[in-house]
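Here is the structure we will look at.
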Amino acid sequence: MPNESPLPPGQYEAKTFYRFGLTPFATRFPHDPTSRSLQISGDVERQVTLVDVLEDLPAVEQLSDFHCVTTWSYRALRWEGVRFADLFQRVIQPQARPAAGAQWVILQAQDGYRTCLPLEDLLAPDVLLATRLDGAAITIEHGAPLRLVVPSHYGYKNVKHLRRLDFCENRQVYRPLGFRFMDHPRARVALEERAVGAPGWFFRYLYRPLVRSTAARFRRTLAEYLTSADRG
Ligand SMILES: Nc1nc2c(c(=O)[nH]1)N[C@H]1C(S)=C(S)[C@@H](COP(=O)(O)O)O[C@H]1N2
Ligand SMILES: [Mo]
């Protein structure tokens with residue numbers, strides 16, 4: 001059971017699953033919160049737009065803990081969706097035919113957020129494209145309509161509002177958001193790959209003081225968005 005396992009190094013258990021991220025994204029929201037479409041592009045033989053990512057793939061349900069790089073973790077989230085590996089092998093490979101050397105995937109979101117992971121990490125069996133969380137459709141707060149779930153990697157690789165995958169042979173074409181040091185190429189939680197340029201524990205002390213104010217800002221901006229004139 002996830003609740004009995006110790007947390008990864010430097011993490012503490014949060015009692016709230018915050019809406020969270022880099023502060024510029026607090027006020028950005030998906031323009032299409034219901035579509036399950038996903039674009040496949042970059043170093044591929046054919047660019048494709050998948051209309052429904054879940055179509056014809058086995059449905060999976062998974063319990064996993066979530067670890068934000070700023071040191072809070074939230075236990076036992078129940079995600080439903082499809083495995084990235086199934087999507088890659090059964091749909092992306094035959095339809096888009098990524099270059100054999102395309103070992104990186106740039107993950108692009110509807111709110112302008114992006115990050116990058118090695119294809120190899122995305123092919124792990126616990127990596128999902130999720131549309132449901134804890135028995136209900138994922139809310140805008142947590143990544144509607146489609147969210148990447150990579151439980152062994154820090155929260156910042158778990159892209160909300162996912163809309164496009166760019167396969168790429170050369171990682172240099174990828175431009176990180178914010179400060180370059182903040183986006184570790186892999187960001188594996190067990191190895192405390194929080195960021196680049198200093199040991200993982202160093203960033204605990206840099207990031208932890210930001211949790212309360214960041215969570216408060218994301219909560220406030222979501223409330224404003226949900227109560228703005230054109231929404232119910
Ligand atoms: N599209 C998008 N995905 C994102 C972010 C974001 O701002 N926009 N923030 C990342 C960070 S830093 C974290 S910790 C998690 C937070 O997910 P949550 O808001 O569901 O807790 O989303 C990640 N994925
Ligand atoms: Mo995060």
Q: State which residues pass side chain to side chain donor-acceptor pair (under 3.5 Å) with R186; sequence neighbours excluded, sorted by chain then number.
A: D121
Review item, side-chain donor-acceptor pairs of residues 137-145, under 3.5 Å, at least two apart:
unit_1, atom_1, unit_2, atom_2, d
H142, NE2, F17, O, 3.4

Q: Report yes or no: does Q108 contribute a side-chain atom to a donor-acceptor pair with the main-chain N or O of R164 at less than 3.5 Å?
A: no
Q: Could you tell me which residues satisfy ring pair (Phe, Tyr, Trp, His ring centres under 6.0 Å) with W72, sequence neighbours excluded, listed by chain and number?
A: Y18, F20, F66
Q. Should we count CD of Q89 as having more than 12 external heavy atoms under 6.0 Å?
A. yes
Name every donor-acceptor pair, under 3.5 Å, that has one atom in a side chain of residues 174-181 and the other anywhere in the protein, sequence neighbours excluded.
unit_1, atom_1, unit_2, atom_2, d
Y174, OH, D183, OD2, 2.3

Q. Counting only N and O atoms by type, is there a donor-acceptor contact under 3.5 Å from the side chain of D65 to the main-chain atoms of A76?
A. yes
Q) Which residue pairs pass the salt bridge (charged side-chain N to carboxylate O under 4.0 Å, His left out) test with at least one member in residues 205-216, sequence neighbours excluded? A) none
Q) Listed by chain and number, what are the ring pair (Phe, Tyr, Trp, His ring centres under 6.0 Å) partners of F167, not counting sequence neighbours? A) F88
**Q.** Inter- and intrachain pairs under salt bridge (charged side-chain N to carboxylate O under 4.0 Å, His left out), touching residues 29-42, at least two apart
**A.** R36-D52
**Q.** Pairwise salt bridge (charged side-chain N to carboxylate O under 4.0 Å, His left out) hits with a residue in residues 191-202, at least two apart
**A.** R188-E193, E192-R194, E192-R204
Q. Which residues pass the side chain to side chain donor-acceptor pair (under 3.5 Å) test with H67, sequence neighbours left out?
A. S73
Q: Using the test side chain to side chain donor-acceptor pair (under 3.5 Å), find all partners of R114 that sit at least two apart in sequence or belong to another chain.
A: none
Side chains of residues 125-133: which donor-acceptor pairs under 3.5 Å do they make with residues two or more places apart or in other chains?
unit_1, atom_1, unit_2, atom_2, d
D126, OD2, S152, OG, 3.4
R132, NH2, G135, O, 2.6

Q: Can you spot which of R219, R220, K160 makes a side-chain contact (heavy atoms from CB on, under 4.5 Å) with R19?
A: K160
Under 3.5 Å, which donor-acceptor pairs do the side chains of residues 96-105 form with other protein atoms, sequence neighbours left out?
unit_1, atom_1, unit_2, atom_2, d
R97, NE, E45, OE1, 2.8
R97, NH2, E45, OE1, 3.4
Q103, NE2, A100, O, 3.0

Q) Just by modelled atom types, is the R78 backbone N or O under 3.5 Å from a matching donor or acceptor in the D134 side chain? A) yes
Q: Mark yes or no for whether Y74, through its side chain, and C68, through its backbone, hold a donor-acceptor pair below 3.5 Å.
A: no
